[in-house]
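When a ligand or atom number is given, it counts from 1 through the structure's own listing order.
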Amino acid sequence: AVEPRPVEELPLPTDFFWGTATAAYQIEGGALQDGKGKSIWDSFSHLQPSRTNGENADVACDHYNHMVEDLDLMASYDVDVYRFSIAWSRIIPLGGHDDPINEKGIEFYDRLIDGLLARNVDPIVTLYHWDLPQELYNRYKAFLNTDKFKADFLRFAKLCFSRFGDRVKKWVTFNEPYIISVFGHHSGVLAPGHSAATGHDTQTEPWRVGHTIILSHAAVVDSYVREFQPSQKGVMSIVLNGHFYEPWDQESEKHKDAAQRRLEFYIGWFGDPIFLGQNYPTQMRAQLGSRLPQFTTQEMALLQKTASFNSFYGMNHYSTKFARALSDPPAEDDCTGNVEELATNNEGKFLGPVSGMLWLRVTPDGFRKLMNWVWNRYHLPIIIAENGCPCPGESQFTVDQAVNDTFRIRYFGLYLDAISRAIYEDGIKIQGYCAWSLMDNFEWSAGYGPRYGITHVNYETLVRTPKLSAFYLKHSLKARRGGNT
Ligand code: GBH
């Protein structure tokens, strides 16, 4: 039975675009097929499988060998865009600026892009969604060597522009720099798995990694604008994630400040240098002192120059949390702004119903507030580059149960309503929306447990089955934009 539409189904502009998002390592498989080099995720999942729920993405959804089927699936959902990432080590197996190119890898993305365009779907391409070539880590610890990383990333980016830029008009440099910095080089739950327990310097590494990402982004934007944009006419930006934070106690200045500070440590860290051409937020500099790298005069000039070339704000967003100010002085390796993140406030109240992930609650009001926060700070049109959730209990569902995903439909409905209100009531420019994800896939450290797809994937048979939410999005987007369904 089809779930009735949520009562509130608010309109969206006719030129609003929608689609789905994925990332190479999470869906492609073909880990060593056709000359692909290893990435840090191949190593991370194989060397110590307990870090990825005992699983790896050697095969994943085998999208590498099911690409045409997946293109047809997307076409059947009537998507306008498809956001995917390029596996760096598939097209430059060793990754470095002097290393050989793998034409077979390039051909795969050529076929993907051509297949999208043939179906009237516009590609949004992310250059870096976490699958760093292993060799660059071996050579110089990747992000921890700013100059070497920047040179190698720039060459990879230019290769993508020169080979794909005739057809790709929306580019994203990095997906979620906060996660790369903090989850990769502080808690160590994501590759390359640096943490205090593995003997790494968590007091400085996240900030050095973030610095490298910001400067590499600016270098790539500068190159694109000078060398490619005049003929290719595309746009470019970065995708930042972040929860919204509500104060743990609404009445208290201390906790209101904590919520604001948490947003600055999460989003302002990258947003202020990249979109405003400014130094790191004041509160970050105050807390971190010399642990936070400094921009040279030249680097600052480049950031100021490239800031306005970011043509949109790429937002990955899932949920809201409460922020409580800590009373002790910040720990030397604190990355939060000395804030505790909680699911309940001072009255024991939850923000919204829990999804299939404990950290992910249905909190559309926070989403709307975050869009306002970002708009007021950066004044850029927003593209929602990821949004979605697993249903409660979904990891245990049979396919018949999984396709009946009314919880996800409700989530999407409320989040699309929040976008509508942000556009029409708050005056914010929001250009489009990518649902995470096209299909169930490898959820990093959680392996194949959590299922975020609007398409069910049977990992044994690799059979894809659309969930009801796929048809909900198809019809709801048509209706919201003024069409019949
Ligand atoms: C995105 O990451 C990724 O871009 C995508 O690849 C991934 O599959 C998708 O979201 C779904 O997770 O902050 O302590 O509450 C989001 C990374 C994962 C970071 C969950 C924050 C919550 C732990 N986020 N994590 S916490």
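- A salt bridge does not link E246 with R324: none of the charged nitrogens is closer than 4.0 Å to a carboxylate oxygen.
- Summarising the contacts of atom 22 (C) of ligand 1 with W444, Y266, W359, the nearest heavy atom is found in W359.
- When the options Y25, W130, Y318 are ranked by their closest heavy atom to atom 10 (O) of ligand 1, first place goes to Y318.
- The protein atom (non-hydrogen) at minimum distance from atom 26 (S) of ligand 1 is K321 NZ, 3.4 Å.
- The shortest contact between atom 2 (O) of ligand 1 and any protein heavy atom is with E176 OE1, 2.9 Å.
- The shortest N or O to N or O distance between N241 and ligand 1 is not under 3.5 Å.
- Counting protein heavy atoms only, atom 21 (C) of ligand 1 is closest to F183 CZ, 3.9 Å.
- Residue Y452 has at least one heavy-atom neighbour below 4.0 Å for each of these atoms of ligand 1: 11 (C), 12 (O).
- The nearest heavy-atom contact from the protein to atom 19 (C) of ligand 1 is I179 CD1, 3.3 Å.
- Taking W444 as the reference, Q26 meet the side chain to side chain donor-acceptor pair (under 3.5 Å) condition, with sequence neighbours excluded.
- For F161 and W171, the distance between ring centers is under 6.0 angstrom.
- Of all heavy-atom pairs spanning G388 and Y411, the tightest one is O-OH, 3.4 Å.
- Contacts with ligand 1 closer than 4.0 Å are made by side-chain heavy atoms of H243 only, the backbone lying farther away.
- Counting heavy atoms closer than 4.0 Å to ligand 1, residue N175 contributes side-chain atoms (C-beta onward) but none from N, CA, C or O.
- The pair K36-E28 fails the salt-bridge criterion, with no side-chain N (NZ, NE, NH1 or NH2) lying under 4.0 Å from an Asp/Glu carboxylate O.
- Across all non-hydrogen atoms, the minimal contact from L240 to F275 is CD1-CE1, 3.9 Å.
- Proximity of N316 to ligand 1, defined as any heavy-atom pair under 4.0 Å, is confined to the side chain (atoms from C-beta onward).
- No side-chain heavy atom of D42 sits under 4.5 Å from any side-chain heavy atom of N56.
- Checked against N316 for a side-chain hydrogen bond (donor to acceptor under 3.5 Å, both in side chains), the options N175, N241, N387 give a single hit: N175.
- Just one of W269, W207, F265 meets the ring pair (Phe, Tyr, Trp, His ring centres under 6.0 Å) condition when paired with Y178; it is W269.
- On a distance-only criterion, H129 and ligand 1 share at least one N/O pair closer than 3.5 Å.
- Atom 5 (C) of ligand 1 has as its closest protein heavy atom E386 OE1, 3.6 Å.
- Counting only heavy atoms of the protein, atom 11 (C) of ligand 1 lies nearest to E443 OE2, 3.3 Å.
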